[in-house]
Amino acid sequence: MIVILLGPPGVGKGTQGARLAEELEWRHLSTGDLLRDHRKRGTALGDRARSFMDRGDLVPDELILDMVRDELRELDGGVIFDGFPRTLPQARGLDRVLDGLGRELDRVLVLEADDEVLVKRLSGRRRCPGCGRTYNVHFDPPADQGRCDECGDELVHRADDDPDTVRTRLEVYRDQTEPLIAFYSSASVPVVTVDGDQPMDEVQEEIQEAVTGDDAGDGEG
Ligand code: AMP
């Protein structure tokens, strides 16, 4: 099965996508994670993506599509796309890649929450650079302020989670990514909306139902 997880920044796509992938033994393909990895490794792509990411803008479609094509040379089993596609050209590009692989998109899941909730979540988000565990100073703080419970490393705040950049990222989502919901609905791909402003376990449960249930899809988002 191939599923796209859509939703504004901060709604929990990364956490929920990773959990779903682990549960179902699927591949979790997050373009944000891939780009951060390129930056860490200092690749040419990472260097080109840096300024767009730090401003909260989208990285150009061609760079993203090349990166995704590279990742999808082989595609067995289930995949959950997280943070991709984010524009109509990316959605069309994904269609072509899947066509070439003889695969089809099965579902689009939309995680939603109000902007107010998203801003608070993103501004409170912290990550351990050592083990990758994430925290939120408002909702899920570490026991020892500023340090990871698992490995004791000092937690970091993503540069693109500062308030101005967060506002840009939300605008970019509403302008460029949200129209994909209508695009997929009109292409008759089942679109299921899940309320992202609920306890994490409940969100995960609804996502799993939406993915594995027979009656998934309201066709409207
Ligand atoms: P994320 O972790 O998904 O919030 O992505 C972090 C940043 O990486 C975004 O704000 C964009 O600058 C960039 N990015 C990630 N995925 C994409 C994509 N599919 N298209 C364009 N830019 C992306």
Side-chain angles (χ1 to χ4, degrees), residues 2-21 27-41 43-72 79-98 105 108-113 115 117-129 132-136 156-181 183-184 196:
I2 299 188
V3 173
I4 290 175
L5 194 51
L6 280 184
V11 77
K13 297 187 300 293
T15 311
Q16 298 292 351
R19 266 181 76 176
L20 179 73
R27 175 143 182 225
H28 175 220
L29 200 149
S30 153
T31 44
D33 285 350
L34 290 173
L35 289 169
R36 281 184 286 278
D37 185 56
H38 274 274
R39 287 177 58 162
K40 210 156 67 189
R41 289 188 285 123
T43 66
L45 168 60
D47 289 344
R48 289 188 67 186
R50 183 179 307 273
S51 61
F52 297 99
M53 293 174 77
D54 287 348
R55 283 199 303 270
D57 283 337
L58 293 183
V59 174
D61 291 331
E62 280 318 309
L63 296 182
I64 297 289
L65 282 167
D66 283 349
M67 177 177 81
V68 169
R69 265 185 227 112
D70 265 358
E71 291 293 323
L72 293 184
V79 183
I80 178 127
F81 287 105
D82 158 7
F84 172 84
R86 261 175 153 101
T87 63
L88 284 168
Q90 289 183 21
R92 295 193 186 103
L94 176 62
D95 279 350
R96 286 193 294 275
V97 172
L98 293 179
L105 188 57
V108 173
L109 293 181
V110 186
L111 269 184
E112 250 317 338
D115 283 6
V117 173
L118 300 169
V119 170
K120 190 157 181 202
R121 280 200 191 169
L122 288 165
S123 62
R125 190 153 81 167
R126 299 290 182 278
R127 184 174 182 279
C128 172
R133 183 168 164 188
T134 55
Y135 297 86
N136 192 294
V156 294
H157 191 201
R158 261 169 61 172
D160 60 348
D161 282 345
D162 85 79
D164 280 347
T165 316
V166 162
R167 269 188 287 278
T168 306
R169 289 165 65 205
L170 282 170
E171 276 169 28
V172 165
Y173 175 77
R174 303 283 176 211
D175 286 353
Q176 302 197 48
T177 307
E178 220 166 34
L180 295 183
I181 298 172
F183 170 82
Y184 284 119

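Whatever order the structure lists them in is the order used to number ligands and atoms, beginning at 1.
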Distance to 0.1 Å, residue and atom name: give those for the protein heavy atom nearest to [atom].
{"atom": "atom 16 (N) of ligand 1", "value": "Thr31 OG1, 2.8 Å"}
{"atom": "atom 22 (N) of ligand 1", "value": "Val59 N, 3.0 Å"}
{"atom": "atom 7 (C) of ligand 1", "value": "Met53 CE, 4.0 Å"}
{"atom": "atom 15 (C) of ligand 1", "value": "Arg86 NH1, 3.3 Å"}
{"atom": "atom 11 (C) of ligand 1", "value": "Asp57 O, 3.5 Å"}

Proximal atoms of ligand 1 relative to [X] (non-hydrogen, under 4.0 Å):
{"X": "Leu35", "answer": "8 (O), 13 (C), 14 (N), 15 (C), 23 (C)"}
{"X": "Arg158", "answer": "1 (P), 2 (O), 4 (O), 6 (C)"}
{"X": "Arg169", "answer": "4 (O), 10 (O)"}
{"X": "Gln90", "answer": "18 (C), 19 (N), 20 (N), 21 (C)"}

For the pair [X] (side chain) and [Y] (backbone), establish whether a donor and an acceptor sit closer than 3.5 Å, ignoring hydrogens and angles.
{"X": "Gln90", "Y": "Arg86", "result": "yes"}
{"X": "Arg121", "Y": "Val11", "result": "yes"}
{"X": "Arg169", "Y": "Asp160", "result": "yes"}
{"X": "Thr31", "Y": "Gly83", "result": "yes"}

Exercise for the section: Inspect the contact between Arg92 and Asp95 and indicate whether a charged nitrogen and a carboxylate oxygen are less than 4.0 angstrom apart. Expected result: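 Here Asp95 does not pair with Arg92 in a salt bridge, since their nearest N and O are not under 4.0 Å apart.
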Problem - Salt bridge flag under 4.0 Å for residues Asp161 and Arg127 - result: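 Answer for the salt bridge query: no.
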Practice task
Examine Arg55 relative to Phe52 and say whether NZ or CZ is less than 6.0 Å from the centre of the six-membered ring and inside a 45° cone about the ring axis.
Solution key: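 Arg55 over Phe52 ring: yes.
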Handout entry: Any N/O pair Arg36/ligand 1 closer than 3.5 Å
Key =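 The answer is yes, given that Arg36 and ligand 1 share an N or O pair closer than 3.5 Å.
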Exercise for the section: Output yes when the distance from some N or O of ligand 1 to some N or O of Leu58 is under 3.5 Å, and no in every other case. Expected result: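 No, no N or O pair falls under 3.5 Å.
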Exercise for the section: Determine whether any heavy atom of Arg55 lies closer than 4.0 Å to an atom of ligand 1. Expected result: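 No.
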Practice task
Applying side chain to side chain contact (heavy atoms under 4.5 Å, CB included), run through Thr177 and Thr87 and close with a yes or a no.
Solution key: CA-CA 5 Å; Thr177 307; Thr87 63; 5.7 Å; no
